[in-house]
A.B. asks: 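Quick one: this structure, given as structure tokens, is what I'll be asking you about.
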Amino acid sequence: MRHTRRGFTLVELLVVITIIGILMSLLLPAVQSAREAARRCQCENNLKQMGLALLLHLDAKKDFPMGRNRSDQYAVSWAYYLLPFMEENTMYQAYVSSERADAEVNSRTMRTRMPLFTCPSRRAAASDRNFDNNDNTPLVMHAASLGDYAANAGYAYDTGMGTAPDIEGNPEVQFGVYTSAKAGPIFSGSRISDRNISDGLSNTLAIGERYIPPVAEGTQPGMEDYSQGDTAFISGDQPRTIFAGTEAGFPMGPKDPSLGKFGSSHMQVHHFVFLDGHVNAVADTISLKELMALSTIAGGETVTQPD
């Protein structure tokens, strides 16, 4: 009697495995592309929500949020001022201004994970950043909420931090000092209203994705977050964490050591929300002149809106 042969031969099995491998190699890029498209859409939505909060703040307070209110461990950033306009009023009210940002009493405000401030293409929301300690070794580590966005301070991230001689001739910091032709709408000590924006709300960057460089070689242990400008986001102690400027353009690559730049984790584009609330992607190919023009509140430049 003839027996019916069952199962695969080794050659047939290898052929099937090869075909499956080819199909997977064709499908994987499409899946990755779809996932990145979804992450990019979420990033744009984050900025859209921040833009809406900016307009609500403008309507309620008659100006845009201050970039930060001081420059020490008791400071809060623009992100803190947006909280009540993003349905996070409990976090906002929990802050005790007489205590340091890294104090346990301020945990609810400073250490709560905030997905809205996180670009999903870069990382997930977390409370694992170090608190800045006025440029010294942190007292509290791996506890603060992180953020992937920066307010537009204008040409330079340290706008508003001018100096002038005191009565004894020694240099003294003058918080909030700025030049309209070089300043953005949100910087250290800022109090900018829509009346100050002569370039137009729709032509002025408000908040964008920020660049985070790699940890510099030789960085002292415990100062890694500080070296990247990636410390506590709701706190206002470290300006390189919450502001960015445009005078140096976008990063030259993933290993660019520069701090205080805008820059995204998306391919060749960087997302921004403008002062009128609309979100747009700015390409790497934009000229430095146009990027700087988009960052000022009263530069008087003619700019071309990104497509």
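As the structure is a computational prediction, the values presented were derived from the model and not from experiment.
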A.B. asks: With rounding to the nearest 0.5 Å, note down the distance linking OG1 in T231 to CG in D225.
C.D. replies: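 That separation rounds to 7.0 Å.
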A.B. asks: Between the main-chain N or O of I234 and the side-chain N or O of S77, is there a donor-acceptor pair closer than 3.5 Å?
C.D. replies: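 Yes.
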A.B. asks: Can you confirm whether K182 sits close enough to E247 that some side-chain heavy atom of one is under 4.5 Å from a side-chain heavy atom of the other?
C.D. replies: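 Side chain of K182 against side chain of E247, heavy atoms only: no contact under 4.5 Å found.
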A.B. asks: So do M110 and Y95 actually touch side chain to side chain, heavy atoms under 4.5 Å?
C.D. replies: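 Yes, side chains in contact.
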A.B. asks: Between E88 and R108, is a salt bridge (charged side-chain N to carboxylate O under 4.0 Å, His left out) present by the stated rule, with each step listed?
C.D. replies: CA-CA 11 Å; E88 296 291 350; R108 181 65 180 270; over 6 Å; no
A.B. asks: Can you tell me how far apart CE (M50) and CG (L47) are? Round to the nearest 0.5 Å.
C.D. replies: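 If I round to the nearest 0.5 Å, the distance is 4.5 Å.
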A.B. asks: With a cut-off of 6.0 Å (strictly less than), are more than 12 heavy atoms of other residues, nucleotides or ligands near CZ of R123?
C.D. replies: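 Check passes, neighbour count above 12.
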A.B. asks: Test side chain to side chain contact (heavy atoms under 4.5 Å, CB included) on Q238 and D135; report intermediate values, then the result.
C.D. replies: CA-CA 8 Å; Q238 182 46 254; D135 301 338; 3.5 Å; yes
A.B. asks: R100 pairs by side-chain contact (heavy atoms from CB on, under 4.5 Å) with which of D237, L139, N106?
C.D. replies: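 Among D237, L139, N106, the one that satisfies the side-chain contact (heavy atoms from CB on, under 4.5 Å) with R100 is L139.
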A.B. asks: With side chains defined as the heavy atoms from C-beta onward, is the minimum distance between T241 and F233 less than 4.5 Å?
C.D. replies: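 Sidechains of F233 and T241: in contact.
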A.B. asks: Got a second to check how far M252's CE is from Y211's OH, nearest 0.5 Å?
C.D. replies: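 That separation rounds to 11.0 Å.
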A.B. asks: Rounded to the nearest 0.5 Å, what's the gap from CG on L291 to OH on Y155? Could you check?
C.D. replies: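 The distance works out to 10.5 Å.
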A.B. asks: Do V76 and F131 share a hydrophobic cluster (ILVMFWY, side-chain heavy atoms under 4.5 Å, transitive)?
C.D. replies: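 Shared cluster, yes.
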A.B. asks: On the six-membered ring of Y80, is R68 placed so that its NZ or CZ lies under 6.0 angstrom from the centre and within 45° of the ring axis?
C.D. replies: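 No; the conditions do not both hold, so R68 does not lie above the ring face of Y80.
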A.B. asks: Please test D132 against Q73 for side-chain hydrogen bond (donor to acceptor under 3.5 Å, both in side chains), starting from the C-alpha separation and ending with a verdict.
C.D. replies: CA-CA 7 Å; D132 188 60; Q73 302 93 327; over 6 Å; no
A.B. asks: Between H270 and E209, do the side chains contain a donor N or O and an acceptor N or O under 3.5 Å apart?
C.D. replies: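 No - no donor-acceptor pair under 3.5 Å links their side chains.
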A.B. asks: Considering only heavy atoms from C-beta outward, does the side chain of D148 approach that of I212 to under 4.5 Å?
C.D. replies: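 Side-chain contact under 4.5 Å: yes.
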A.B. asks: Could you give me the CA-CA distance, side-chain angles and deciding distance for Y149 and C119, then say whether side chain to side chain contact (heavy atoms under 4.5 Å, CB included) is met?
C.D. replies: CA-CA 8 Å; Y149 302 97; C119 173; 3.9 Å; yes
A.B. asks: Do Y81 and M114 land in one hydrophobic cluster if side-chain heavy atoms of ILVMFWY residues count as linked below 4.5 Å?
C.D. replies: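 Yes: a chain of side-chain contacts under 4.5 Å links Y81 to M114.
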A.B. asks: Heavy-atom distance under 4.5 Å between the side chains of Y226 and N130, does that happen here?
C.D. replies: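 Y226 does not reach N130 side chain to side chain.
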A.B. asks: Which of these passes side-chain contact (heavy atoms from CB on, under 4.5 Å) with P213: L259, D256, D230?
C.D. replies: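 Of L259, D256, D230, side-chain contact (heavy atoms from CB on, under 4.5 Å) with P213 is met by L259 alone.
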A.B. asks: Measure the shortest side-chain to side-chain distance between I192 and Y178 over non-hydrogen atoms and say whether it is less than 4.5 angstrom.
C.D. replies: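 In contact.
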A.B. asks: Would E104 and S107 satisfy side-chain hydrogen bond (donor to acceptor under 3.5 Å, both in side chains), going step by step from the backbone distance to the final call?
C.D. replies: CA-CA 5 Å; E104 189 67 30; S107 294; 3.3 Å; yes
A.B. asks: Roughly how far, to the nearest 0.5 Å, is NE2 of H142 from CZ of R129?
C.D. replies: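 R129 CZ to H142 NE2: 8.5 Å, rounded to 0.5 Å.
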A.B. asks: Following the transitive rule for hydrophobic clusters with a side-chain heavy-atom cut-off under 4.5 Å over Ile, Leu, Val, Met, Phe, Trp and Tyr, establish whether F117 and V279 coincide in one cluster.
C.D. replies: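 Yes, one cluster joins them.
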A.B. asks: Within the structure provided, determine whether R111 and V140 are in side-chain contact (heavy-atom separation under 4.5 Å).
C.D. replies: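 When only atoms from C-beta onward are counted, V140 and R111 do touch, with a gap below 4.5 Å.
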A.B. asks: Any side-chain heavy atom of Y92 within less than 4.5 Å of one from M86?
C.D. replies: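 SC-SC contact between Y92 and M86 ruled out.
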A.B. asks: When you measure from the side chain of T159 to the backbone of A153, do you find a donor-acceptor pair of N or O atoms at a distance under 3.5 Å?
C.D. replies: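 Indeed, once roles are kept as given, a pair shorter than 3.5 Å links the two residues.
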